[in-house]
There are 2 protein chains.
Amino acid sequence: MVPTDSSYSSTGERPARRRRKEARPAELTAAALEHFVEKGYAATRLEDVAAQAGVSKGTLYLYFENKEALFRAVVEEGIVPVLAAAEEMLADFSGSSVDLLRRLLFGWWEQVGATRLAGVPKLIVAEAHNFPEVAQYYHDNVIVRGRSLVRRVLARGIERGEFRSLDVETAIDVIIAPLLMLVIWQSSLRFCGPEFVPENYLQTHFELLVRGLAAGEETPGIGVPDSERQGV
Amino acid sequence: MVPTDSSYSSTGERPARRRRKEARPAELTAAALEHFVEKGYAATRLEDVAAQAGVSKGTLYLYFENKEALFRAVVEEGIVPVLAAAEEMLADFSGSSVDLLRRLLFGWWEQVGATRLAGVPKLIVAEAHNFPEVAQYYHDNVIVRGRSLVRRVLARGIERGEFRSLDVETAIDVIIAPLLMLVIWQSSLRFCGPEFVPENYLQTHFELLVRGLAAGEETPGIGVPDSERQGV
DNA sequence: ATAGTTAGTGACTTTTTGGTCAGTAATTGC
DNA sequence: GCAATTACTGACCAAAAAGTCACTAACTAT
């Protein structure tokens, strides 16, 4: 995010030039992610990215063929490992499905939502049309696998009689949507004041979900609106 | 969206030039909305926008001072009337709060989600940082008022004993998030295949909500996870 | 008809920025 | 030390797109 060696002396001369072949790519993609999320792909100037990473524009082109390659690297970096960890956690879990769902939601928040990775969904949403192949990559490696995680939790809960049976595929989307919206909000509209607490938001979402999924008696009024109901 | 008079003759000569002072601005903003949503603000070429509206670039500059003014016009156009209609509907409604909530969700879908206006949220999300004053306008005139609508439905339901009491402000966000995510998805990732039906998605969201909001006995397992519970 | 008004045009200028490369200096091997 | 290597620099180039304006032609009033 910031050049590691930023020891300006008080006289204002620039920091000594350093050769750090290993560290450059990660510093550049980190800086690029920040700029892409903040300003969008097209409005991001590579010179600014390079400057934030503490190098010149020419150096950026030593490590990335062009702007699009940098964009691909930003997206492809560091997303998959998180999913792998979650998949493993889910495989050997023995508690209730409600607990499992809670773990999934809050684990996601800690591993993704509260980190710099939270900017990626906004980036994908904003640039999907301009980079269809990157969007496809994200779809196959993040969306499909993420949906699969939720699907397994729902199936488990239904099988064990903890959740009522419902349209699983659609429910997955409804469960994930507030999570995505949370990070998208945070990385675009910042005027959700200090009274907005992500943990409370997640907790409310979770509570609504658990009650909404719970097996039990029918809740009245869900099917056809009263106003459109014909006398029987 | 498209030049009204697009009668090319079979010989390939261009359509006759027409003077249509009144119609131009709306046609230009409609074309611009499409391009902005599809490619993003910075990647949109004004020459393309003008061409799609059936005029030259010079004409665009007759009606809008510059690119940013065009962007502002796109956002400010045609959002408020929809909200006004919803506010009125809500004011004189006498049925159950569940029905009211249903009307709000599906009414929003018909009036916004299924129209070209559906692209605006993605546009705002993507460009909020580059146009803080436009984001502020959208916040004050759409977000605040939209949240207020949902707040009144929830307050009404709680007051009448139809809904349990809960953290209303946070619940509002959780209710709105899947709606926004729906239109954002649709205007960016298009690979949600033909098996994805927005109406089903809305119905599932609604059903989860109604059960989640319903007044009634406590559902176990919501508070502290079993795994973290100490013996009493 | 026809002179006057103004919507509309598109070639041109200006600005911005992605991308290049000849040169510089930090590091390594001897 | 000193030469060889190469990470790094930033002035420069070229392409793209915003923005301008002298000119054209559709409409209008008389």
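This is a predicted model, so every value here is computed, not measured. What's counted below: heavy atoms across the whole structure, side chains too, no hydrogens, waters or symmetry copies. Below, chain A is the first sequence line, B the second, and so on; all start at residue 1.
Looking only at atom types and distance, the side chain of A:Asp140 has a donor-acceptor partner in the side chain of A:Gln136 under 3.5 Å away. A:Glu207 and A:Gln203 share a side-chain donor-acceptor pair at under 3.5 Å.
Whole-Å rounding puts the A:Lys57 NZ to C:dG19 C1' distance at 7 Å. If you take OH of B:Tyr61 and P of D:dC21, they are 13 Å apart, rounded to a whole angstrom. If you measure from atom CG of A:Leu28 to atom P of D:dA7, you get 14 Å, rounded to the nearest angstrom. In this structure, B:Asn66 atom CG and D:dG19 atom C1' are separated by 9 Å, rounded to whole Å. Remark: P of C:dT9 and CZ of B:Arg20 are 11 Å apart, rounded to the nearest angstrom. Nucleotide D:dA26 holds its P atom 6 Å from the CZ atom of B:Arg17, rounded to whole Å. Taking atom NZ of B:Lys39 as the reference point, atom P of D:dA17 lies 10 Å away to the nearest angstrom. A:Arg19 places its CZ atom 13 Å from the C1' atom of D:dT9, with the value rounded to the nearest Å.
Where A:Gly58 and A:Glu47 each meet DNA chain C at their nearest nucleotide, the meeting point lying more 5' is that of A:Glu47.
Taking only side-chain atoms of A:Lys21, from C-beta outward, the nucleotide of C:dA7, D:dA7, D:dG19 with the closest atom is D:dA7. Nearest nucleotide to the A:Leu62 side chain, out of D:dA17, D:dA7, D:dG19: D:dA7. Listed nucleotides: C:dT9, D:dA18, C:dG18. Nearest to the side chain of A:Arg45: C:dG18. With distances taken from any side-chain atom of B:Lys67 to the nucleotides D:dG19, C:dG19, C:dT24, the minimum falls on D:dG19.
Taking only side-chain nitrogens and oxygens, B:Tyr63 comes nearer than 4.0 Å to OP1 or OP2 of C:dG8. Contact check, A:Thr59 against D:dC8: no side-chain N or O comes under 4.0 Å of OP1 or OP2.
A:Arg151 and A:Glu169 are joined by a salt bridge, as a carboxylate oxygen and a charged side-chain nitrogen come within less than 4.0 angstrom of each other. Between A:Arg147 and A:Asp173 there is a salt bridge, since at least one side-chain N of the basic residue sits less than 4.0 Å from a carboxylate O of the acidic one.
Between B:Ala53 and B:Leu28, the closest heavy-atom pair is CB-CD2, 3.6 Å.
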